[in-house]
Peer 1: 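I have a structure I would like to understand better, so I am pasting it below and will then ask my questions one at a time.
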Amino acid sequence: MTSLQFWKPGTAGPGSTLDRATQAEENVIQSAPLSGNLSIQSARARLPIAKHREKLLYCIEQYGVTIVVGQTGCGKTTQLPQYLHEAGWSADGSVVACTQPRRVAATSVASRVAAEVGSILGDEVGYTIRFEDVSDKERTRILYMTDGMLFRETLVDPLLSRYSVIMIDEAHERSVYTDLMLGILKKIRRKRPSLRLIVSSATLDATSFLEYFTSGTPASSSGDEAIIVSLEGRMYPVQTAYLQEPAPDYVRKAAETVWNIHLQANQSLGEQQGSGDILVFLTGREDIDRCLEELTEMLPSLPRNAMRLRLLALHAGLSTDEQLAVFEPAERGSRKVIVSTNIAEASVTIEGIKFVVDSGFVKIRTYNPTTALSSLVTVPISRASATQRAGRAGRTSSGICYRLYPERAFNSLPVTTPPEITRVDLTTPILQLKSLGIDDLMKFEWVTAPPAESAVRALEGLYGAGMIGEGGGLTIVGEKVAECPVEVNIARMLFSSKEFKCGEEILTIAAMTAVQDVFVIPEGAAGALAELERRKFTAEEGDHITLLNAYNAFTRYGRSSSWCKSHALSFRAMSRAVSIRSQLKKYMQRFGLPLESCQGDAKRLRQCLVSGYWRNGARWVADGTYRSVRGNQVLHVHPNSVLFTRKPRSGWVIFHEMEETKKTQIRILTEIDPDWLLDYGHKYYDKRTGTSVSS
DNA sequence: GAGCACTGC
């Protein structure tokens, strides 16, 4: 047996590394039923947050902004809104809101709190997420919602006047909407100082949030009245172990480490002690599959008396059933090994993990404003992420985290991951800020300002698409598009469908391009069969109409999951497309856009597509790649495209998106006539200036 | 001839 070649610097108990690992355990759907109101109340009183109740209420009363630093298990997400409710903050029709970055968190926390309050979900306690509003406009006092939904509400009610307290939970995750909300709330508090704000964060960010809320014009009413409150939580100690030298191949090292953990735990500890599952953090599906392959090859050499290993993959591309498998408890005498992407860092919580193996890498999306190109790059994680990952080993008992890098490498990691707002295309956020009346982006107080080039790029794009005028203000169509929950180019397409008389079909296409992984193509022989199934939907013109065909077939054949299974479609994705379509349909009706059918006239439909995708034109070249109209960039067709193997007759296409992975790839293509790029691309621009633009 | 970090409206 090979020994574990790790150096263990010591235990990181509460008070050292791990009290920085704050993450809402409230994210987990609680399976233990609480019976009877008495036991609920005593369970509430036992939570670590309970003894800080009066202090918290005092701070919220006295300070405009309270930054709450709370560790896993302290109960802030479930208890704080209840304390506020009990203390009268929800009297006189006021609402206490608590935002979450993810839908599941908003719904599961709401149902737990409803049970604690003794209310039916949607009555006194409710939630609001996209497509689901389980709340009562009159009666709901505590409202859990996604931060995206709260942002949307500011478009309708800019002062968020129905709320007395707003708690932005998981603020350390720094999602785009969290950052936008913090900026807007700072502004709202100037106009409405009575609004109380709670920012729930990890230790590492707390001071930066404090500085953010106390800075600004000295005379402002919101300045100088923020405070940090620290809560301790419930967490078992987790030891951290580092490699002495960096591993040349972290995937292989991860497999070896899992193997060694298993053998060592098996040998040195008894049956009870030796159990405990292993969670491995890698970057993507390719790594995960390779790691699992290596482990599978080792299995035959497992000693006869050793526990068995149950090997599982976890990433977002898996079906719901496959994802659920990681929650099944391991059988007696076996140990689960879950090899996961970053999904297990915050989005998915698995109980019973005793060992974490951390590769130290993550794939993140970055955006290059000069080329307008998104790329997915593998980068070292931040110290906050490393701490968060380690914490996954200490949820149900003490644990060990094996970091596949030396301690000196940990010390040189960035403290936090750059906020998402600095890494994305700003077209939609800027359009929405303008819709809120924030025209001067230089004056908007970003928690972290995005790169100026990204803002400039987005403004140019909005101007070119006719969403903003020369003065930088919104045009009439821009105001409408800002309300639509889709990307600007897709919204533009919906609006011009009136002219091309194809609203019915464009609506479906808009919905289908908004969902990912519509086609499910498994590995091996089943994959070949699935390919044949998919071909039944294939349209000669390209992917957009192929998606349209798939959607129409889905609705025609009863919207069933079994039908999807036999036709290589994802039921989850298709159902989501149905929801998005019906939501977008309401917007079209509101804006008076007719839902006419093009009656099979694919030409008109494709012309309408060009009106949205006019910036995404590309020309086929002899080696099978494309060149972008803007920038003459080399583009490779994504293998999922129906045009992957075929040259379009005209030699020209528009595409939905491009992304840089190993190569620059374009996804969702449709053949066009190149003249359409000029005819339908610059319509709004032409009307206003009388000139055409060279791209 | 070959690929899919994760959210959210």
Side-chain angles (χ1 to χ4, degrees), chain A residues 27 99-106 128-133 145-156 170 173-181 281-289 313-318 340-348 359 361-366 374-379 381 385 417 419-421 423-424 428-429 431-432 435 481-488 490-491 511 514-523 527 531 570 573 576 579-580 583-584 586-587 623-625 636-641 643-646 657 659 661-663 665-667:
Chain A
N27 279 6
T99 71
Q100 296 292 320
R102 280 172 295 278
R103 293 160 53 95
V104 277
T128 304
I129 60 176
R130 188 181 186 183
F131 310 130
E132 269 180 78
D133 182 6
M145 62 208 302
T146 47
D147 41 23
M149 282 306 288
L150 186 64
F151 182 77
R152 198 142 277 281
E153 196 166 336
T154 60
L155 297 175
V156 185
E170 313 291 345
E173 289 190 22
R174 302 294 302 272
S175 75
V176 167
Y177 284 119
T178 298
D179 273 30
L180 291 174
M181 274 321 302
F281 284 102
L282 295 176
T283 61
R285 181 175 159 176
E286 199 181 324
D287 282 0
I288 290 169
D289 289 347
L314 177 62
H315 53 82
L318 297 175
S340 172
T341 61
N342 220 30
I343 193 171
E345 190 180 303
S347 306
V348 169
S359 66
F361 288 100
V362 67
K363 266 188 200 173
I364 60 166
R365 180 183 291 279
T366 58
S374 269
S375 24
L376 219 49
V377 286
T378 301
V379 295
I381 58 172
S385 268
T417 310
E420 198 186 357
I421 194 88
R423 302 183 277 114
V424 293
T428 305
L431 181 72
Q432 289 174 332
S435 175
V481 166
E483 286 183 49
C484 296
V486 281
E487 286 162 45
V488 170
I490 305 291
V515 296
Q516 282 119 44
D517 305 315
V518 170
F519 296 102
V520 187
I521 310 291
E523 303 266 308
E531 286 285 358
S570 156
R576 197 173 152 76
S579 301
I580 295 174
Q583 190 187 36
L584 294 180
K586 287 180 194 148
Y587 283 92
D623 61 359
T625 63
H636 296 262
V637 180
H638 193 282
N640 276 358
S641 171
L643 291 178
F644 181 63
T645 50
R646 202 156 46 78
E657 60 184 359
E659 189 175 72
T661 49
K662 281 167 195 155
K663 299 178 283 196
Q665 290 190 327
I666 49 177
R667 286 184 59 240

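The chains referred to below are lettered A, B, ... by the order of the sequence lines, with proteins before strands, and numbering in each begins at 1.
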Peer 1: Would you call B:dC6 syn or anti, using the 90° rule around 0?
Peer 2: anti
Peer 1: Sequence neighbours left out, what passes ring pair (Phe, Tyr, Trp, His ring centres under 6.0 Å) with A:Phe519? Give chain and number order.
Peer 2: none
Peer 1: Mind checking A:Gln516 for me? I need base, sugar-phosphate or nothing, with any heavy atom below 4.0 Å counting as a touch.
Peer 2: base
Peer 1: Could you check A:Leu314 against A:Arg152 and say which one's nearest nucleotide on DNA chain B is further toward the 5' end?
Peer 2: A:Leu314
Peer 1: Under 4.0 Å, heavy atoms only, any strand: does A:Phe644 hit a base, just the sugar-phosphate, or nothing?
Peer 2: base
Peer 1: Hey, are A:Asp517 and A:Ser570 close enough side-chain-wise for a donor-acceptor pair under 3.5 Å?
Peer 2: no
Peer 1: Looking for any heavy atom pair under 4.0 Å, which part of the strands does A:Thr146 touch: base, sugar-phosphate only, or nothing?
Peer 2: sugar-phosphate
Peer 1: Using a 4.0 Å heavy-atom cut-off, does A:Ile129 contact any base of the nucleic acid, only the sugar-phosphate backbone, or nothing at all?
Peer 2: sugar-phosphate
Peer 1: Is a side-chain N or O of A:Arg152 found less than 3.5 angstrom from the main chain of A:Glu483, in a donor-acceptor match?
Peer 2: yes
Peer 1: Indicate, with a heavy-atom threshold strictly under 4.0 Å, whether A:Ile343 touches base, sugar-phosphate, or nothing.
Peer 2: sugar-phosphate
Peer 1: Mind checking which nucleotides bracket the chain A contacts on DNA chain B, 5' to 3', with an atom under 4.0 Å from a heavy atom?
Peer 2: B:dG1 to B:dC9
Peer 1: Give one of base, sugar-phosphate or nothing for A:Asp517, where a contact means two heavy atoms less than 4.0 Å apart.
Peer 2: nothing
Peer 1: Take A:His638 and A:Arg576, find for each the nucleotide of DNA chain B with the closest heavy atom, and name the residue whose nucleotide sits nearer the 5' end.
Peer 2: A:His638
Peer 1: Just so I know, are the side chains of A:Ile288 and A:His315 near enough to count as touching, which here means a heavy-atom distance under 4.5 Å?
Peer 2: yes
Peer 1: For A:Thr661, answer base if it contacts any base atom (sugar-phosphate contacts may also be present), sugar-phosphate if it contacts only those atoms, and nothing otherwise; contact means non-hydrogen atoms under 4.0 Å.
Peer 2: sugar-phosphate
Peer 1: Does A:Ser359 use its side chain to pair, donor to acceptor, with the backbone of A:Phe281 at less than 3.5 Å?
Peer 2: yes
Peer 1: Of all residues at least two apart in sequence or in a different chain, which pass the ring pair (Phe, Tyr, Trp, His ring centres under 6.0 Å) check with A:Phe151?
Peer 2: A:Tyr177
